[in-house]
Amino acid sequence: MRRIATLALLLLPLAAFLPAAHAQAPMDLGLTYTQMRTKFVGGSSTDNFYMRGATVDYAYSPFHGIGMVVSLNGMAVTNLRTEIDIHQSSYLGGGRYTYSFGHISPTVWSRRASIFGEGLVGITHATAGLYPKGETLTSNATNFSYSLGGGVNYNLYHRFELRVMAHYFVTDLPNGGTNQQRDIQASAGVNWHFGN
């Protein structure tokens with residue numbers, strides 16, 4: 001988690017070197033606080049718990065709102081059932097479609113708002129947990145993940161936007177049951193928009 005926060009802080013100064021606002025293709029750099037609802041194996045409502053963390057994503061849309069996005073997502077929870085800690089990092093990439101609602105002023109960067117939908121695939125690496133592997137428990141696991149969702153960007157000032165997102169997030173980590181986690185993520189934070 002600390003590594004993701006450090007990476008995000010290191011990336012922010014690089015935003016100053018992104019292409020100027022007159023560039024043709026829009027780009028977005030988002031940083032959000034993320035909460036994820038997930039559960040232990042079992043059908044009881046008491047098996048649900050929440051993980052918290054951050055998401056950093058970068059999107060490039062060269063063709064009428066259609067483009068690609070890469071996302072880094074870090075989540076953590078500690079002291080589950082007094083003995084279990086979970087830290088997980090997800091590295092995802094995929095496609096995004098963004099619809100813009102026009103501009104506040106003639107300047108290209110001052111769009112009013114936009115909505116987007118995206119589909120992402122990648123891997124999730126989890127540490128500090130208890131993951132069944134055959135007859136033993138390991139503290140680390142890595143497997144396939146995918147995410148479907150979208151969000152809204154609302155202009156606050158110049159290139160600076162408020163962002164809210166929601167995703168259906170699926171990971172295939174071993175859990176002694178289905179070996180799949182189907183989770184809901186909700187995120188809120190900021191976005192820097194560059195280009196048209």
Side-chain angles (χ1 to χ4, degrees), residues 1-11 28-60 66-97 116-151 163-189 191:
M1 187 62 199
R2 281 186 229 128
R3 289 179 188 168
I4 292 173
T6 302
L7 177 63
L9 291 174
L10 291 174
L11 288 176
D28 289 293
L29 176 63
L31 176 62
T32 56
Y33 167 81
T34 302
Q35 181 163 298
M36 181 168 72
R37 182 178 185 267
T38 187
K39 64 182 303 213
F40 288 107
V41 175
S44 170
S45 60
T46 60
D47 290 327
N48 295 320
F49 64 92
Y50 291 89
M51 298 179 70
R52 294 172 179 86
T55 300
V56 178
D57 66 66
Y58 173 76
Y60 175 66
I66 299 171
M68 50 207 148
V69 59
V70 292
S71 176
L72 171 62
N73 179 295
M75 309 296 292
V77 64
T78 57
N79 296 322
L80 287 173
R81 297 181 175 172
T82 70
E83 62 182 35
I84 302 172
D85 297 337
I86 300 173
H87 302 115
Q88 74 179 39
S89 301
S90 300
Y91 310 91
L92 307 168
R96 175 185 285 182
Y97 173 72
F116 61 89
E118 60 189 16
L120 308 172
V121 296
I123 61 168
T124 293
H125 178 67
T127 61
L130 298 173
Y131 305 98
K133 186 176 278 188
E135 298 297 318
T136 63
L137 290 174
T138 64
S139 61
N140 300 322
T142 302
N143 217 325
F144 176 77
S145 299
Y146 68 89
S147 175
L148 300 171
R163 169 177 285 184
V164 292
M165 300 190 297
H167 287 85
Y168 176 63
F169 191 79
V170 179
T171 56
D172 290 339
L173 298 172
N175 60 14
T178 61
N179 294 325
Q180 187 175 77
Q181 299 76 39
R182 299 179 182 194
D183 307 320
I184 300 296
Q185 285 186 347
S187 305
N191 180 59

Task: Atom pair CG (Asn140) and NE2 (His87), whose distance is rounded to the nearest 0.5 Å - done: 11.5 Å
Open item on the list: Consider side chain to side chain contact (heavy atoms under 4.5 Å, CB included). Of Thr34, Leu120, Leu92, which one does Phe169 pass it with?
Closed with: Leu92
Task: From His125 atom NE2 to Leu173 atom CG, the distance as rounded to the nearest 0.5 Å - done: 10.0 Å
Open item on the list: Tell me the closest heavy-atom pair linking Phe49 and Val77, and the distance in Å.
Closed with: CE1-CG1, 4.0 Å
Task: Heavy-atom pair with the smallest gap, counting every atom of Arg163 and Gly30 - done: NH1-CA, 3.7 Å
Open item on the list: Has Glu118 got a side-chain atom pairing as donor or acceptor with Gly94's backbone, closer than 3.5 angstrom?
Closed with: no
Task: Separation of Gln88 CD from Thr142 OG1 (nearest 0.5 Å) - done: 10.5 Å
- [ ] Compare every heavy atom of Thr32 with every heavy atom of Gly189, then report the nearest pair and how far apart it is.
- [x] N-CG2, 3.7 Å
Task: Atom pair CG/CE of Asp183 and Met75 - distance to nearest 0.5 Å - done: 8.5 Å
- [ ] Taking atom types as modelled, find out whether Asn73 and Thr55 have a side-chain donor-acceptor pair closer than 3.5 angstrom.
- [x] yes
TODO: Mind checking the CG-CG spacing from Asp28 to Asp57? Nearest 0.5 Å is all I need.
DONE: 8.0 Å
TODO: I would like to know whether Phe116 and Val69 meet side-chain contact (heavy atoms from CB on, under 4.5 Å); could you show each step before the answer?
DONE: CA-CA 11 Å; Phe116 61 89; Val69 59; over 6 Å; no
Task: Reported CD1-to-CZ distance for the pair Ile66 and Arg96, which is rounded to 0.5 angstrom - done: 13.5 Å
Task: Student check: side-chain heavy atoms of Val170 and Phe144 closer than 4.5 Å - done: no
